[in-house]
Amino acid sequence: MDKTRITTSDIEIDEVYSNLPDGYALEAPGEFPFTRGPYPSMYRGRLWTMRQYAGFGTAEDTNRRFRSLLEAGQTGLSVAFDLPTQMGLDSDHELAAGEVGKVGVAIDTLADMQRLFDGIPLDEVSTSMTINATAPILLLLYELVAEEQGVPADQLRGTVQNDILKEYVARGTYIYPPRPSMRLITDLFGYANREIPNWNTISISGYHIREAGATAAQELAFTIANGLAYVHAGMEAGMGIDEFGPRLSFFWNGHNNLFEEVAKFRAARRIWAKQMRSLGATDPKAEAMRFHVQTAGSTLTAQQPLNNVARTTIQALAAILGGTQSLHTNAFDEALGLPTDESALVALRTQQILAHESGVADTVDPLAGSFFVENLTEELEAQATSLIARIEEMGGAVRAIEDGWMQAQIEESAYAEARRQSDGSSVVVGMNRFTVDEERPIPVLEVDPALEEAQVKRTVEWRSSRDNDAVQGALSQLGTKAATDANLLPPMKDALRAGATVGEISDALREVFGIYRPS
């Protein structure tokens with residue numbers, strides 16, 4: 001019988017570890033290169049933010065879920081938007097038919113955003129928005145809602161994902177070609193630095209790269225390479241790395257291999273700190289990686305779905321042991337549909353049990369000095385750094401994506417894992433081993449089709465009630481500015497204030513930038 005054990009990144013695991021890597025130095029928590037965490041006291045000073053991802057149907061539906069989660073002890077909001085909103089299509093667009101409110105909340109207008117946060121004081125919560133191609137528009141809508149609440153922009157806290165490169169690599173919700181998309185990202189950097197200084201302007205996402213089939217080392221390398229592309233773009237736009245660097249954050253996938261995942265998170269901080277310092281960062285806040293983790297949706301099984309509670313707990317534990325600043329735990333029924341109120345509450349309670357009953361937050365970096373974890377951290381750093389160097393030789397992440405190289409690497413890894421699951425060498429409990437003949441059905445949340453009709457009607461009525469001349473004038477001005485080097489967020493905000501919709505602003509930019517069609 002073969003006794004060899006390997007991680008997802010093909011790192012061979014020794015039977016026994018008795019030494020730390022040669023020349024290994026372990027710094028204190030909060031010190032460069034932040035292997036042990038970005039803050040000296042970590043969870044003894046403050047627990048991670050429990051930020052459960054939610055969004056479906058209309059703004060009112062999601063508002064009710066937000067209120068329920070906040071009352072249950074959640075400490076931050078995380079918004080899922082439906083596909084039409086992500087693609088810059090209003091709910092009454094022909095391509096939006098059948099997708100409105102299905103995988104997130106439908107937001108077309110300022111009124112929708114007002115309903116989404118009705119009764120939720122925006123100076124008391126931090127809000128994460130998983131939005132990319134239309135991220136500047138949604139952030140401006142959020143800012144306008146805060147203005148109406150009387151909340152100054154400098155009191156707003158949160159994150160827009162705003163990571164378009166991983167959309168070309170792994171997910172597909174892009175609109176414009178890569179170069180103008182990068183321009184929108186740096187425009188958001190510059191605007192937020194002036195107007196919303198406490199906002200995290202990007203969440204550079206490895207989550208979707210891993211969901212597409214990447215290994216842990218590839219998730220590290222491709223995500224950090226994308227991050228470096230954003231840093232270069234910001235610097236080329238005239239911003240200092242210490243100016244925008246502290247507002248960059250990351251979004252990682254929490255997968256099943258407990259120790260590899262802990263090592264991955266520790267290696268990520270170390271690699272990023274070294275890369276940022278090499279680019280000229282001197283502010284520790286620009287060097288220290290802060291990140292959110294979501295447990296792995298791709299590991300959830302429709303078979304025996306209650307087993308997903310155990311998977312999610314292991315993945316969440318890895319994120320905490322690895323030093324995450326924010327965490328979402330998936331609900332056990334998400335392989336079947338949107339989470340019900342009950343399953344969403346179980347997912348939140350999983351975090352609360354880990355925080356308050358497990359003792360995992362009692363000391364900083366509790367696995368530090370583990371021969372196994374420190375060796376894995378070193379191995380993952382070496383693999384990822386080698387891949388990053390290869391990407392830089394190609395001309396950087398944008399070129400590696402345009403050439404299809406990153407995508408091909410992920411496809412190869414995904415195929416290899418599919419083969420392992422097919423032949424049983426990679427065990428998935430309840431799916432390819434330890435199966436049962438009959439499954440007990442569980443309730444699944446379904447979105448009422450009537451919600452789409454209501455949202456479409458609402459959007460049509462919005463357009464009929466506004467000053468259309470003012471809207472068209474503002475959209476024309478946006479198109480004119482898009483053909484120059486001007487920052488586009490101020491004219492976007494003017495158009496939104498006049499009553500323009502998400503789709504109309506996106507259309508104005510499509511006319512100038514075009515749309516991306518992969519070769």
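Along the sequence shown, residues carry numbers from 1. What you see is a predicted model, and the numbers here were worked out from it, not measured in a lab.
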Exercise. Under 3.5 Å, is there a donor-acceptor pair between the Glu211 and Ser298 side chains?
Worked result: yes
Seminar exercise, completed: With sequence neighbours left out, the residues meeting side-chain contact (heavy atoms from CB on, under 4.5 Å) with Thr340 are Asp333, Glu342, Ser343, Leu445
For this session: Can you spot which of Arg266, Lys274, Arg269 makes a salt bridge (Lys or Arg N to Asp or Glu O under 4.0 Å) with Glu381?
Result: Lys274
For this session: Examine the side chains of Asn226 and Thr223 and answer whether a donor and an acceptor come within less than 3.5 Å of each other.
Result: no
Problem set entry | Exam field: side chain Glu243 to backbone Gly240, donor-acceptor pair closer than 3.5 Å | yes
Problem set entry | Polar contact flag, side-chain donor to acceptor under 3.5 angstrom, Ser205-Gln161 | no
Problem set entry | Derivation and outcome, side chain to side chain donor-acceptor pair (under 3.5 Å), residues Gln52 and Thr329 | CA-CA 7 Å; Gln52 293 300 103; Thr329 36; 3.2 Å; yes
For this session: Identify the heavy atoms of Leu138 and Met129 that sit nearest to each other, and give their distance.
Result: O-CE, 4.0 Å
Problem set entry | Basic-acidic side-chain contact under 4.0 Å: Arg270, Glu378 | yes
For this session: Could you please spell out the steps behind the side-chain contact (heavy atoms from CB on, under 4.5 Å) verdict for Gln352 and Met50?
Result: CA-CA 8 Å; Gln352 291 166 333; Met50 299 178 193; 3.7 Å; yes
Exercise. When the ring centroid of Trp199 is compared with that of Tyr191, is the distance short of 6.0 Å?
Worked result: no
For this session: Begin with the C-alpha distance, continue with both residues' side-chain angles, and end with the deciding distance and a verdict on ring pair (Phe, Tyr, Trp, His ring centres under 6.0 Å) for Phe34 and Trp272.
Result: CA-CA 9 Å; Phe34 309 102; Trp272 183 248; over 10 Å; no
Exercise. Can we say Arg183 and Asp187 salt-bridge, meaning some charged N sits less than 4.0 Å from an Asp/Glu carboxylate O?
Worked result: yes
Exercise. Aromatic ring centroids of Phe117 and Tyr142 under 6.0 Å?
Worked result: yes
For this session: Would you check if there is a donor-acceptor pair between the side chains of Glu260 and Thr8 at a distance under 3.5 Å?
Result: yes
For this session: Carefully, step by step, assess Ile204 and Phe251 under the rule side-chain contact (heavy atoms from CB on, under 4.5 Å).
Result: CA-CA 6 Å; Ile204 304 154; Phe251 172 23; over 6 Å; no
Problem set entry | Main-chain N/O of Leu188 paired with Asn193 side-chain donor or acceptor, under 3.5 Å | no
Exercise. Counting only heavy atoms not in Phe259, do more than 12 sit closer than 6.0 Å to its CZ atom?
Worked result: no
Exercise. Which is it for Tyr43 and Trp48 under the ring pair (Phe, Tyr, Trp, His ring centres under 6.0 Å) test, yes or no, and what are the steps along the way?
Worked result: CA-CA 7 Å; Tyr43 306 138; Trp48 63 93; 5.0 Å; yes
Exercise. Does Asn253 reach the main-chain N or O of Tyr207 with its side chain, forming a donor-acceptor pair under 3.5 Å?
Worked result: yes
Exercise. Ion pair present between Arg115 and Asp112, side-chain N to carboxylate O less than 4.0 angstrom?
Worked result: yes
For this session: Indicate whether the side chain of Tyr24 and that of Glu374 have a donor and an acceptor atom separated by less than 3.5 Å.
Result: yes
For this session: State whether the side chain of Asp283 and the backbone N or O of Lys285 hold a donor-acceptor pair below 3.5 Å, judged by distance alone.
Result: yes
Exercise. So, the side chain of Glu195 versus the backbone of Ala192: is there a donor-acceptor pair under 3.5 Å, distance only?
Worked result: no
For this session: Walk me through it: do Met182 and Leu165 pass the test side-chain contact (heavy atoms from CB on, under 4.5 Å)?
Result: CA-CA 8 Å; Met182 293 292 283; Leu165 291 180; 4.0 Å; yes
Exercise. Hey, is the main chain of Ser426 close enough, under 3.5 Å, to the side chain of Asn432 for a donor-acceptor pair?
Worked result: yes
For this session: List the steps, then state whether side-chain contact (heavy atoms from CB on, under 4.5 Å) holds for Thr295 with His255.
Result: CA-CA 6 Å; Thr295 57; His255 228 264; over 6 Å; no
Exercise. Will you find, in the side chains of Gln294 and Asn330, an N or O donor that is under 3.5 Å from an N or O acceptor?
Worked result: yes
For this session: Using only heavy-atom distances, determine whether the side chains of Tyr230 and Asp163 contain a donor-acceptor pair under 3.5 Å.
Result: yes
Exercise. For residues Asn63 and Arg67, is any side-chain donor paired with an opposing acceptor at under 3.5 Å?
Worked result: yes
Exercise. Once the angle between the rings of Trp252 and Phe291 is folded into 0 to 90°, is it parallel (under 30°), tilted (30 to 60°) or perpendicular (over 60°)?
Worked result: perpendicular
Problem set entry | Sidechain N-carboxylate O distance under 4.0 Å for Arg5, Asp14 | no
Problem set entry | Atom of Ala384, atom of Leu220 and distance for their closest heavy-atom approach | CB-CB, 3.8 Å
Exercise. Is Thr62 reaching over with its side chain to a backbone N or O of Phe56, donor-acceptor style, under 3.5 angstrom?
Worked result: yes
Problem set entry | Shortest non-hydrogen contact between Val398 and Ala229, atoms and distance | CG2-CB, 4.5 Å
Problem set entry | Audit row: Thr282, Asp242, side chain to side chain donor-acceptor pair (under 3.5 Å) steps and yes/no | CA-CA 7 Å; Thr282 58; Asp242 284 336; 2.6 Å; yes
Exercise. Can Arg277 be said to sit on top of Phe32's aromatic six-ring, NZ or CZ under 6.0 Å from centre and within 45° of the ring axis?
Worked result: yes
Problem set entry | Closest contact, heavy atoms only, Pro305 versus Leu336 | CG-CD1, 4.2 Å
For this session: Say whether Arg157 and Asn198, considering side chains only, have a donor N or O and an acceptor N or O under 3.5 Å apart.
Result: no
Problem set entry | Shortest non-hydrogen contact between Gly322 and Phe265, atoms and distance | O-CB, 3.6 Å
For this session: For Gln421 and Glu417, test the side chains for any donor-to-acceptor distance below 3.5 angstrom and give the result as yes or no.
Result: yes
Exercise. For Arg44, does the CZ atom sit with more than 12 other heavy atoms under 6.0 Å from it, leaving out its own atoms?
Worked result: no
Exercise. Between Arg65 and Asp341, is the closest basic N to carboxylate O distance under 4.0 Å?
Worked result: yes
Exercise. Side chains of Ser413 and Gln218: is there a donor and an acceptor less than 3.5 Å apart?
Worked result: yes
Exercise. Any sub-3.5 Å donor-acceptor pair from Thr134's side-chain atoms to Thr85's backbone N or O?
Worked result: yes
Problem set entry | Side-chain H-bond candidate by donor/acceptor type, Glu261 with Gln315, under 3.5 Å | no
Exercise. Counting only heavy atoms not in Arg420, do more than 12 fall under 6.0 Å of its CZ?
Worked result: yes
For this session: In sequence, state the C-alpha distance, the side-chain angles, and the governing distance for Asn257 and Lys264, and then conclude on side chain to side chain donor-acceptor pair (under 3.5 Å).
Result: CA-CA 10 Å; Asn257 190 313; Lys264 180 187 78 179; over 6 Å; no
Problem set entry | Side-chain H-bond candidate by donor/acceptor type, Asn307 with Gln304, under 3.5 Å | yes
For this session: Compare every heavy atom of Ala214 with every heavy atom of Glu219, then report the nearest pair and how far apart it is.
Result: N-CB, 4.1 Å
Problem set entry | Exercise: do Arg51 and Gln351 side chains pair donor with acceptor under 3.5 Å | no
Problem set entry | Donor on one side chain, acceptor on other, Thr173 and Glu167, under 3.5 Å | yes
Exercise. Sub-3.5 Å donor-acceptor pair from the side chain of Gln149 to the main-chain atoms of Leu122, do we have one?
Worked result: yes
For this session: Examine distances only and state if a side-chain atom of Thr312 and a backbone atom of Asn308 form a donor-acceptor pair shorter than 3.5 Å.
Result: yes
Exercise. Where do Glu27 and Thr35 land on the side chain to side chain donor-acceptor pair (under 3.5 Å) test, with the steps shown first?
Worked result: CA-CA 7 Å; Glu27 78 285 350; Thr35 311; 3.1 Å; yes
